[in-house]
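Convention: sequence-line order gives letters A, B, ...; per-chain numbering from 1.
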Amino acid sequence: MSDASERHLRALELPVVDAARMLVGCTIAHGGCSGVIVETEAYHDSEPACHAFAGLTARTRPLFEAPGIAYVYRSYGIHALLNAVCEDEGVGAAVLIRALEPLEGLEEMRERRGLDRVEDLCSGPGKLTQALGIDLELNGSDLDGGPIAIEPAPPGWEEVEPVVGTRIGITKAAELPWRFCVPGSRSVSRPRL
DNA sequence: CATGGGATTGACT
DNA sequence: GTCAATCCCATGC
């Protein structure tokens with residue numbers, strides 16, 4: 001965790017808004033499928049849109065653990081949403097991974113999604129977990145050496161400058177500029193920035 | 001123990 | 001633009 005190739009994981013120790021910005025351009029992989037992160041959002045226990053705002057419960061326990069693990073929860077009874085837990089143990093903070101540009105395992109993603117178009121495979125937080133085969137069993141798993149891997153930006157993605165906007169699909173603290181997207185990417189969810 | 005609300009998506013008017 | 005699907009879990013009786 002000390003050389004430059006681990007900088008993407010050290011980012012999870014930073015304030016969660018900085019971590020959300022730095023994860024854009026990194027890759028995420030699970031079971032032979034991978035993609036470049038093109039959209040993230042930050043969540044922190046100091047604001048009411050974050051699950052951890054309610055305090056430590058059975059559901060939010062992973063959010064308060066040490067940085068570098070996955071927080072996977074079920075949304076609207078249907079979708080699994082993937083977060084990277086950030087900041088110190090005892091602080092409830094995480095980056096929601098909202099969209100990827102597919103890299104490897106395209107055919108397996110197409111089978112899982114039942115769709116062909118590349119830009120439809122991972123262009124939303126529920127879509128990318130379905131495409132990569134990520135489900136609730138991976139809640140709490142390690143992002144360093146575990147089944148889900150966060151890796152450095154691939155060639156051509158190191159210098160990406162994310163654009164900032166407000167978070168999607170929430171009613172509380174909706175004004176915070178805590179959403180980061182790759183400008184122009186076809187795989188960013190709607191509305192695009 | 002019963003109820004209600006989502007960090008969404010896809011189908012449909 | 002509207003709307004239902006579906007389940008985990010927090011809350012309240």
Here the pair of heavy atoms bringing A/Leu63 nearest to A/Ala94 is CD2-CB, 3.5 Å
A/Cys26 and A/Glu151 have their tightest heavy-atom pair at CB-O, 3.3 Å
To the nearest angstrom, the CG-P distance between A/Asp45 and B/dA7 comes to 16 Å
Rounded to whole Å, the CD-C1' distance (A/Glu39 to B/dT9) equals 14 Å
Rounded to whole Å, NE2 of A/His79 lies from C1' of B/dG5 at a distance of 15 Å
Run the numbers on A/Arg61 and A/Leu56 for side-chain contact (heavy atoms from CB on, under 4.5 Å), then give the verdict.
CA-CA 6 Å; A/Arg61 173 162 299 114; A/Leu56 181 60; 4.1 Å; yes
Regarding the side chain of A/Lys127, the nearest nucleotide among C/dT6, B/dG10, B/dA7 is B/dG10
In whole angstroms, the gap separating P of C/dA5 from CD1 of A/Ile78 amounts to 9 Å
**Report entry** N or O in side chain of A/Arg190 less than 4.0 angstrom from C/dG1 OP1/OP2
**Finding:** no
message = Suppose you measure atom C1' in C/dG1 against the same atom in B/dA7; what distance do you get, rounded to whole Å?
response = 23 Å
request  = Indicate, with a heavy-atom threshold strictly under 4.0 Å, whether A/Leu81 touches base, sugar-phosphate, or nothing.
outcome  = sugar-phosphate
By the Watson-Crick or G-U definition, both distances under 3.5 Å, B/dA2 is matched with C/dT11
Where the side chain of A/Glu13 meets the backbone of A/Pro67, is there a donor-acceptor pair that is under 3.5 Å apart? no
Rounded to whole Å, the CD-P distance (A/Glu175 to B/dA7) equals 15 Å
*Would you classify A/Arg61 as touching base, sugar-phosphate or nothing, given that sugar-phosphate means primed atoms plus P, OP1 and OP2, and contacts are heavy atoms under 4.0 Å?*
nothing
Going 5' to 3' through nucleotides 8-13 of chain C and flagging B where a protein heavy-atom sits under 4.0 Å of the base, S where only the sugar-phosphate is that close, and - otherwise, we get SSS---
Are there over 12 heavy-atom neighbours, none belonging to A/Glu137, within less than 6.0 Å of that residue's CD? no
Whole-Å distance, A/Phe53 CZ to B/dG5 P, equals 18 Å
- Query: Using centres under 5.5 Å plus planes under 30 degrees as the test, is A/Tyr76 stacked with C/dA5?
  - Reply: no
For this session: Identify whether any heavy atom of A/Arg167 sits under 4.0 Å from a base atom; if not, whether one sits that close to sugar-phosphate; answer base, sugar-phosphate or nothing.
Result: nothing
Rounded to whole Å, the OH-P distance (A/Tyr73 to B/dG5) equals 17 Å
Heavy atoms of A/Cys122 and A/Pro102 approach each other most closely as SG-CG, 4.1 Å
Item to complete: Tell me, yes or no, whether the heavy-atom count around A/Glu161 atom CD, taken from other residues, nucleotides or ligands under 6.0 Å, exceeds 12.
Response: no
